[in-house]
Amino acid sequence: MNAGRPAASDAAIEFETLADDAWLLRLGRSIDDGLNARVHALAARLRLQAPSWLRDVVPAYASLAVFFDPFAIDAAAARAWLRAQCEHAHAAAPSPAARSIEIPVAYGGEFGPDLHDSAAELGVSPQVLIARHSERDYTVAMIGFAPGFPYLSGLDPELALPRLATPRTAVAAGSVAIGGAQTGIYPRPGPGGWRLLGRTPLRLFDTARDAPSLLQPGDRVRFRPIDAQEFARLQAAP
Amino acid sequence: MSAADSLETRCDIEVVAPGPLSHVQDLGRDGWRHLGICRGGALDPACAALANALVGNRDGDAVLEFTLQGPSLRLPRPLRIALMGALCEARFEGQWLPPARPIDLPAGVLSLGGMRSGVRGWLAVRGGLDTPCVLGSRSTDLRGGFGGIDGRALRGGDLLPVGAHRAIDTSQPRIPGWWIDPEFNHDPHAPIRYLASEAPALREIAARLSQQAWRVNAASNRQGLRLDGEALQAPEAGALSEPVAPGTIQLPADGRPIVLLADAQTVGGYARLGHVIAADLPRLAQARPNAELQFVRCDAAQAAAAARKARAEWARLKLAIEARLKRQ
């Protein structure tokens with residue numbers, strides 16, 4: 001490691017003003033697991049160093065936002081500090097221990113009303129779609145759209161499905177869905193346009209827990225197919 | 001001071017009629033955006049904080065934010081209240097109440113009617129609204145469904161707990177002869193200042209935002225203000241989702257901009273034309289459906305100067321209120 005000079009990749013980080021109280025740091029412009037891992041490593045580093053004026057670090061696919069208290073530090077000083085952190089990000093890159101979380105999913109039927117149509121569109125049987133959706137590890141690329149909603153990268157590209165032409169007005173909480181080249185889980189009932197393949201009995205978001213979101217950005221996720229009985233049992237569990 | 005003045009007390013205000021959209025807000029929650037949780041908070045933090053100052057609360061105590069028309073509330077015992085923001089037809093048992101000063105009310109029904117101008121008002125009650133603190137804030141997250149009263153707008157019959165406060169004793173409204181300007185930071189004629197995107201692909205589109213007047217679409221809410229006008233040419237879709245913030249000016253494919261407000265989602269995929277500066281963002285809380293808005297570009301130095309000026313005005317009014325309260 002060349003500790004003395006910044007890595008070339010860090011020099012490429014673009015800074016953009018996001019608001020009076022926020023900088024956007026862009027590491028790239030694509031959905032790419034390596035890029036996303038660097039975003040999470042940088043986010044972890046900023047959180048570890050967190051000065052008192054740092055309000056929020058928000059990782060996305062290839063960028064992250066840093067919110068600061070504009071009356072505790074001015075934008076230029078915040079930018080200079082962030083720039084220094086970026087330049088040293090590789091020298092002391094923390095390797096956040098990625099958690100692995102298993103998500104039980106009841107596929108099809110009332111749990112996944114789009115399973116059959118989606119399988120037909122992909123030219124496979126529902127069983128094959130379930131197997132291919134649940135045999136991979138996914139990464140929580142970011143959380144957004146709604147509290148606790150994970151955007152999971154790592155979907156088999158052959159399972160990519162366009163969003164519904166007309167979004168549903170009501171999607172059940174826990175619905176596991178495909179939207180474009182991504183898969184995700186709806187934490188709360190509400191509208192949504194992704195294809196619903198199944199549902200998990202786990203609570204994705206609960207403000208009564210110490211960690212309100214079951215998933216954190218950077219976590220690894222794997223789906224485990226379950227049947228209706230196990231769904232009922234897990235849902236009833238405390 | 002009578003004997004009653006020294007007693008610490010609590011009570012519940014009963015919601016008689018909720019108004020179209022009334023909810024509990026404080027200055028918002030920080031530190032949770034990475035989990036998709038918006039900052040939230042009163043759309044005009046200075047107004048909410050000054051309403052609190054008028055009744056002797058702290059800046060961040062919870063207040064009621066109401067929209068287009070206020071709620072009717074039954075006070076179970078005498079309470080000190082203050083109103084800030086848009087001017088509404090406030091009455092207590094038929095008697096008209098003025099805004100922007102501390103008013104001692106006896107038990108009875110406080111009715112906050114329609115707005116004479118603007119959209120949003122804030123009601124502070126001495127002791128603060130003592131709904132549960134969720135993730136560090138009492139703000140209602142309407143989309144997340146938590147905070148405030150069960151994460152939703154008020155309904156008739158709801159009980160709003162009032163935090164510990166010194167009991168007062170009065171049989172009729174006591175209205176002081178002094179007040180502050182309830183809309184101190186609102187010049188309705190001044191254009192809204194924004195910092196335009198410097199991305200080469202967006203620079204020209206961003207500059208066009210200031211070349212026409214925009215009308216506020218009725219579908220606007222605390223998440224975003226939707227603007228109608230001659231559509232701008234949106235860049236090709238498929239942009240990667242990136243973080244957004246209150247003030248971000250988004251341009252969806254239909255070419256009609258959306259300015260994100262306090263309940264902004266945390267990430268978005270639309271093109272970002274720039275952002276409305278912090279000093280002018282509270283004014284958008286008062287933009288009525290169909291109101292005409294003019295935008296004007298400014299630079300980072302002007303944005304910082306405007307933010308300092310707004311903060312100084314807030315601080316000056318707070319000191320003036322504290323001095324007045326000491327003399328009372």
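- The contact between His275(B) and chain A is made entirely by side chain atoms (from C-beta outward), counting heavy-atom distances below 4.5 Å.
- Residues Ser63(A) and Glu242(B) share a closest heavy-atom pair of OG-CG, 3.5 Å.
- The 12-atom threshold is not exceeded at OH of Tyr270(B), counting heavy atoms of other residues, nucleotides or ligands nearer than 6.0 Å.
- Looking at Ala19(A), the atoms closer than 4.5 Å to chain B (heavy atoms on both sides) sit in the backbone and in the side chain alike.
- For the set Ser197(B), Gly247(B), Ser241(B), the entry with the most heavy-atom pairs within less than 4.5 Å of chain A is Ser241(B).
- Counting heavy-atom pairs closer than 4.5 Å to chain A, the top-ranked of the candidates Val244(B), Val276(B), Leu281(B) is Val244(B).
- Of all residues in residues 203-211 of chain A, those placing a non-hydrogen atom less than 4.5 angstrom from a non-hydrogen atom of chain B are Phe205(A), Thr207(A).
- Looking only at side-chain heavy atoms (C-beta outward), His34(B) and Met142(A) stay at 4.5 Å or farther from each other.
- When each of Val140(A), Leu215(A), Val58(A) is scored by its heavy-atom pairs under 4.5 Å with chain B, the top score falls to Val58(A).
- The number of heavy atoms from other shown groups lying within 6.0 Å of CD (Glu204(B)) does not exceed 12.
- Heavy atoms of Leu135(B) lying under 4.5 Å from chain A belong exclusively to its side chain.
- Summarising the local packing, CZ of Arg58(B) is surrounded by 12 or fewer heavy atoms from other residues, nucleotides or ligands at distances under 6.0 Å.
- Residues Ala60(A) and Val267(B) come closest through the heavy atom pair CB-CG1, 4.3 Å.
- At a 4.5 Å heavy-atom cutoff, the contact between Leu18(A) and chain B is made by backbone and side-chain atoms alike.
- In terms of heavy-atom pairs under 4.5 Å with chain B, the best-connected choice from Gly148(A), Pro187(A), Ala146(A) is Ala146(A).
- The backbone N or O of Gly31(B) sits less than 3.5 Å from a side-chain atom of Asp56(A), completing a donor-acceptor pair.
- Within 6.0 Å of atom CD in Gln49(A), more than 12 heavy atoms from other residues, nucleotides or ligands are found, so the atom counts as buried in its surroundings.
- Arg188(A) and Arg143(B) make their closest contact through NE-O, 3.2 Å (heavy atoms, listed as atom of the first residue, atom of the second, distance).
- To the nearest 0.5 angstrom, Phe68(A) atom CZ is 12.5 Å from Asp30(B) atom CG.
- Between chain B and the residues Phe149(A), Tyr151(A), Phe67(A), the most heavy-atom pairs under 4.5 angstrom are made by Phe67(A).
- The environment of Arg222(A) atom CZ is dense: over 12 non-hydrogen atoms of other residues, nucleotides or ligands sit within 6.0 angstrom.
- Residues Ser213(A) and Trp32(B) fail the side-chain proximity criterion, which asks for heavy atoms closer than 4.5 Å.
- Here the shortest heavy-atom pairing between Pro243(B) and Leu24(A) reads CD-CD1, 3.5 Å.
- The two residues Pro212(A) and Leu35(B) have their closest heavy-atom pair at CG-CD1, 4.2 Å.
- We find the OG1-CZ distance between Thr17(A) and Arg272(B) to be 10.0 Å, quoted to the nearest 0.5 Å.
- With a 6.0 Å radius and a threshold of 12 heavy atoms from other residues, nucleotides or ligands, Arg283(B) has its CZ atom above the threshold.
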Is there a side-chain contact (heavy atoms from CB on, under 4.5 Å) between Phe145(A) and Gln265(B) once you walk through the steps? CA-CA 6 Å; Phe145(A) 170 66; Gln265(B) 67 276 25; over 6 Å; no
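- Contacts between Leu54(A) and chain B at a heavy-atom distance below 4.5 Å are absent for every atom of the residue.
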